[in-house]
Amino acid sequence: MLQLQAIREEKDKIISALKKRNVDAAPLLENVLRLDVERRNTQTQLDNILAESNKLSKEIGMLFKSGKAQEANILKEKTGSLKEDSKKLGEALNAAAEELQTLLYQIPNVPNHLVPAGNTEEDNEEVFKEGDIPVLNTNALPHWELAKKYDIIDFELGVKITGAGFPVYRGKGARLQRALIAYFLDKNTEAGYTEIQVPHLVNEASGYGTGQLPDKEGQMYHIKEDDLYLIPTAEVPVTNIFRDVILNEGDFPICYTGYTPCFRREAGSYGAHVRGLNRLHQFDKVEIVRVEHPSNSYKALDGMVEHVKNILRELKLPYRVLRLCGGDLGFTAALTYDFEVFSTAQDRWLEISSVSNFEAYQANRLRLRFRDANGENQLAHTLNGSSLALPRVLAGILENYQTPEGIKIPEVLIPYCGFDVID
RNA sequence: GGAGGAAUGGCAGAGUGGUCGAAUGCGGCAGUCUUGAAAACUGUUGAGGGUCACACCUCCGGGGGUUCGAAUCCCUCUUCCUCCGCCA
């Protein structure tokens, strides 16, 4: 959520920056400003009435105390109309505030100046590329075939137990998955992130805090009975640790890493691109989350990008880094780098990580602040990224490391797996 | 699931209808003293709205009500604690 003060002060700047998202925010912002004025006017009127009625009440109290009941009763009569007015104004105030809130929720974050213009993923800007794309046999298989051949992932069994998009991992497949989780967590911990385990279900307030709610309800599984949501990413529970928190400057940087399963409804997606591990309803992910001083958040973002690069380098997977264009940028992000690993047998890039700076957008919703050097409370910046999303890394490993003798295990993972080939 | 108790500022803890945004202690910050530190002493120390700055307004778990007036009374929800039951 953008800060009202920013909208008041730099409306035009915000409108022009949001054009990068192909959004014409002008009418929305005009409405916000109109409601803001209305809200403040109503507030002032209400405050005056409340001040008067507070004063009267005190006088009445004093009169009763000094035994002047009659005078007190005369004053009492005057409070009736004040009460009526304050009730009406209070309702008007709530209505205006609520409407204002609704509008503010509809405004996406302002893109950073580095964000390229563009509409679709075609317009994302490749900023880095590394790793050799292996030359495979003509009979190289996509990962879903390999999964079947080596009996390590069973998609049909998942359909039986739950439904499409809930695979079952077995034997070396399950072990490799566990190895990746342990390896990622270790790498993150070495880099200074504190490992944390969080709930996999969150309440409504948490959904609002990080921006999944309102409007994106369709993405999350909702448990009606208890009004809880299955997390689509660890970002939600981890970042919400800091909802309604005021930090000290010395607390920065705050770095957390956590492994969680992620649940996504993915309503509406279908077809060849969702085959195998490409798109699932339940998948595992290791996430990194940072809370930063505003002056340091972009340095932190770069650091996170380097960190993820290092992991992919160690895994010896061919990958590239994209700077998302305005049209592809997530609603709450100011700048996002996507990592894609090349899936050789499918001959396409698969997104395996997304690293973003949300600046103060989430913090504003979360009321996540810190006390600055002047003793003033100001909003912190939040960031997060995947390191990494398991299924597509797994797909990348299976496809890129396949040989006629079986699937080789990347060297760094061998100690975690306890074997060096899947055959 | 059943029975009882509780929820107040960073923490502990008073306050049971009026001048209470809230005693006191601890903690934090600033100062005095000191070569420096500690101790001691003095001051200061919640959040939001509003204003050029004041004034002023709101907030004592959430929501609603009674009253001229609510931290205090009533209703309701949530959470926590104790006991019983069940249980990985």
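Lettering follows sequence order; numbering is per chain, from 1. Below, each value reflects all heavy atoms present in this structure, side chains not excepted, and no hydrogens, waters or symmetry copies.
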Has [X] got a side-chain N or O lying under 4.0 Å from the OP1 or OP2 atom of [N]?
X: A:Arg371; N: B:rG46; result: no
X: A:Asn54; N: B:rC57; result: yes
X: A:Lys55; N: B:rU19; result: no

When the [atom1] atoms of [N] and [M] are considered, how many whole Å apart are they?
N: B:rA71; M: B:rA14; atom1: C1'; value: 12 Å
N: B:rC81; M: B:rG64; atom1: P; value: 28 Å
N: B:rG31; M: B:rG36; atom1: P; value: 13 Å
N: B:rC73; M: B:rC87; atom1: P; value: 40 Å
N: B:rC54; M: B:rA12; atom1: P; value: 33 Å
N: B:rC52; M: B:rG15; atom1: P; value: 43 Å

Straight-line distance of A:Asn22 CG to A:Leu329 CG, nearest 0.5 Å =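 Answer for the CG-CG pair, A:Asn22 versus A:Leu329, is 11.0 Å.
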Side chain of [X] only, please: which of [options] is the nearest?
X: A:Asp47; options: B:rG49, B:rG18, B:rU58; answer: B:rG49
X: A:Leu50; options: B:rG18, B:rG69, B:rU58; answer: B:rU58
X: A:Lys83; options: B:rU58, B:rU67, B:rG50; answer: B:rU67
X: A:Met62; options: B:rG48, B:rG18, B:rU19; answer: B:rU19
X: A:Asn377; options: B:rC56, B:rU51, B:rG48; answer: B:rG48

key: Nearest-nucleotide 5' precedence on RNA chain B, A:Gln43 against A:Asn94   =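 The answer here is A:Gln43.
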query = If each of A:Gly61 and A:Glu52 is mapped to the nucleotide of RNA chain B with the nearest heavy atom, which maps nearer the 5' terminus, i.e. the 5' end?
reply =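 Residue closer to the 5' terminus by nearest nucleotide: A:Gly61.
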request  = Go ahead and name the base partner of B:rU24; Watson-Crick or wobble counts if both distances stay under 3.5 Å, otherwise write none.
outcome  =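 Base partner found: B:rA12.
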task = Scan every strand shown for a Watson-Crick or G-U wobble partner of B:rA40, both distances under 3.5 Å, and answer none if you come up empty.
result =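 For B:rA40, the partner nucleotide comes out as B:rU32, under the 3.5 Å rule.
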message = Regarding A:Arg40, tell me which of base, sugar-phosphate or nothing describes its non-hydrogen contacts under 4.0 Å with the strands shown.
response =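 The answer is sugar-phosphate, as A:Arg40 gets under 4.0 Å only of primed atoms, P, OP1 or OP2.
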message = Does A:Thr79 reach a base, just sugar-phosphate, or nothing at all? Heavy atoms under 4.0 Å.
response =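 The residue A:Thr79 makes sugar-phosphate contact but no base contact.
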ask   = Side chain of A:Arg290, backbone of A:Leu383: donor and acceptor closer than 3.5 Å?
value =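 Here the side-chain-to-backbone pair does not exist.
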ask   = Counting only N and O atoms by type, is there a donor-acceptor contact under 3.5 Å from the side chain of A:Arg392 to the main-chain atoms of A:Glu340?
value =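 The answer is no, because no donor-acceptor pair under 3.5 Å joins these two groups.
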inquiry  = Under a 4.0 Å threshold between the charged nitrogen and the carboxylate oxygen, would A:Lys11 count as salt-bridged to A:Glu30?
reply    =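 A salt bridge links A:Glu30 with A:Lys11.
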ask   = What is the distance from NZ of A:Lys78 to C1' of B:rC68, rounded to the nearest Å?
value =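 For the pair A:Lys78 NZ and B:rC68 C1', the rounded distance is 12 Å.
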message = How many whole angstroms separate atom CZ of A:Arg39 from atom C1' of B:rC57?
response =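 Distance, rounded to whole Å: 12 Å.
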request  = Can you label the angle between the A:Tyr229 ring and the A:His222 ring as parallel, tilted or perpendicular, going by 30° and 60°?
outcome  =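 Correct class here is parallel.
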message = Is a donor from one side chain sitting under 3.5 angstrom from an acceptor on the other, for A:His381 and A:Tyr298?
response =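 No, no side-chain donor-acceptor pair sits under 3.5 Å.
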